[in-house]
Amino acid sequence: GASSARKSEWIQGRIAVQRAFAKAGVKVEPKAFREGDPRTLASLPEWSFTLSHTSDWAFAWVANERARFAIGVDIEDVSRTISDGAEKKFRRRDDRTELDAIHLWSLKEAAFKAVPKENQKDLVVSSIVIDSNTFYCADRRMHGFWRQETSGELIRSFAWVDKALL
């Protein structure tokens with residue numbers, strides 16, 4: 001089974017999703033979460049959400065499927081270290097940013113999550129190129145936008161793709 005820490009993170013994530021839906025005026029029951037489908041709820045197929053968590057934090061963002069944008073979010077602890085070997089696997093020469101490894105990783109993770117599920121086939125994080133407030137996928141015609149905030153020890157990355165441009 002899952003470790004108690006991992007189970008706690010899962011619960012924190014679902015609470016964050018419930019709170020995000022509540023801010024959108026939608027009540028979500030805990031039993032609504034589908035096993036194996038991290039983006040939708042069985043009882044609310046017209047809504048999607050994106051979720052990220054660390055050991056101490058959880059964050060969610062929700063959107064109505066009729067909305068213009070597909071969304072993605074990631075949070076990371078600013079003190080998390082990424083090995084040089086791992087960074088070489090996702091940092092690209094054409095990334096136009098001077099961000100350190102953890103900030104860049106967080107942006108790429110949010111951008112990946114923002115790509116609609118039906119467009120993710122064979123997409124890998126290393127094919128995402130980060131530019132100034134935009135990103136694009138090097139191996140396909142797709143781009144989006146990003147914003148990042150660092151507050152204390154927490155990095156929050158937001159990404160969105162205009163579905164009309166897919």
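Every value quoted in this text rests on a predicted model; they were computed, and no experiment measured them. Heavy-atom basis, side chains included; hydrogens, waters and symmetry copies ignored.
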Any chance the side chains of [X] and [Y] put a donor and an acceptor closer than 3.5 Å?
X: H103; Y: T150; result: yes
X: H53; Y: Q12; result: no
X: S106; Y: E76; result: no
X: D77; Y: S79; result: yes

Flag side-chain contact, heavy atom, 4.5 Å: [X] against [Y]:
X: Y136; Y: D94; value: yes
X: V161; Y: F69; value: no
X: T97; Y: D131; value: no
X: W61; Y: W160; value: yes
X: N119; Y: P116; value: yes
X: F135; Y: F145; value: no
X: I155; Y: I75; value: no
X: D162; Y: R68; value: yes

What pair of heavy atoms forms the shortest contact from [X] to [Y], and how long is it?
X: A114; Y: A159; value: CB-O, 3.6 Å
X: L51; Y: K113; value: O-NZ, 2.9 Å
X: A60; Y: A20; value: O-CB, 3.8 Å
X: W47; Y: A24; value: CH2-CB, 4.0 Å
X: V129; Y: R92; value: CG2-NE, 3.3 Å
X: L123; Y: C137; value: CD1-SG, 4.0 Å

Worksheet entry | Residues, nucleotides or ligands: over 12 heavy atoms within 6.0 Å of K89 NZ |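 Counting other residues, nucleotides and ligands, NZ of K89 stays at 12 neighbours or fewer.
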Worksheet entry | Residue D84 excluded, over 12 heavy atoms near CG under 6.0 Å | no
Is the side chain of [X] donor-acceptor paired with the backbone N or O of [Y] at a distance under 3.5 Å, no angle test?
X: R156; Y: V73; result: no
X: K163; Y: A67; result: yes
X: S151; Y: L154; result: no

Distance (rounded to the nearest 0.5 Å) between [X] [atom1] and [Y] [atom2]:
X: L104; Y: E109; atom1: CG; atom2: CD; value: 11.5 Å
X: R80; Y: E153; atom1: CZ; atom2: CD; value: 14.5 Å
X: Q148; Y: I130; atom1: CD; atom2: CD1; value: 8.5 Å

Discussion item. Salt bridge or not between E149 and R147? Use side-chain N to carboxylate O under 4.0 Å.
Written reply: yes
Worksheet item: So, are K108 and D95 salt-bridged, with charged N and O less than 4.0 Å apart?
Response: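 Between D95 and K108 there is a salt bridge, with a charged N closer than 4.0 Å to a carboxylate O.
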Discussion item. Please tell me whether I128 and V124 are part of a single hydrophobic cluster in this structure, the criterion being side-chain heavy atoms less than 4.5 Å apart.
Written reply: no
Fill in: hydrophobic_cluster_shared for W146 and V78, side chain cutoff 4.5 Å
yes
Item to complete: Given side chain to side chain contact (heavy atoms under 4.5 Å, CB included), test M142 with V115 step by step and report yes or no.
Response: CA-CA 9 Å; M142 184 178 308; V115 174; 3.5 Å; yes
Worksheet item: salt bridge (Lys or Arg N to Asp or Glu O under 4.0 Å) with D100: which residues, sequence neighbours excluded?
Response: none
Fill in: W105-F90 aromatic ring centre distance below 6.0 Å
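Yes - the distance between ring centres of W105 and F90 falls below the 6.0 Å cut-off.
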Fill in: Derivation of the side-chain hydrogen bond (donor to acceptor under 3.5 Å, both in side chains) call for D74 and S157
CA-CA 5 Å; D74 186 60; S157 299; 5.4 Å; no
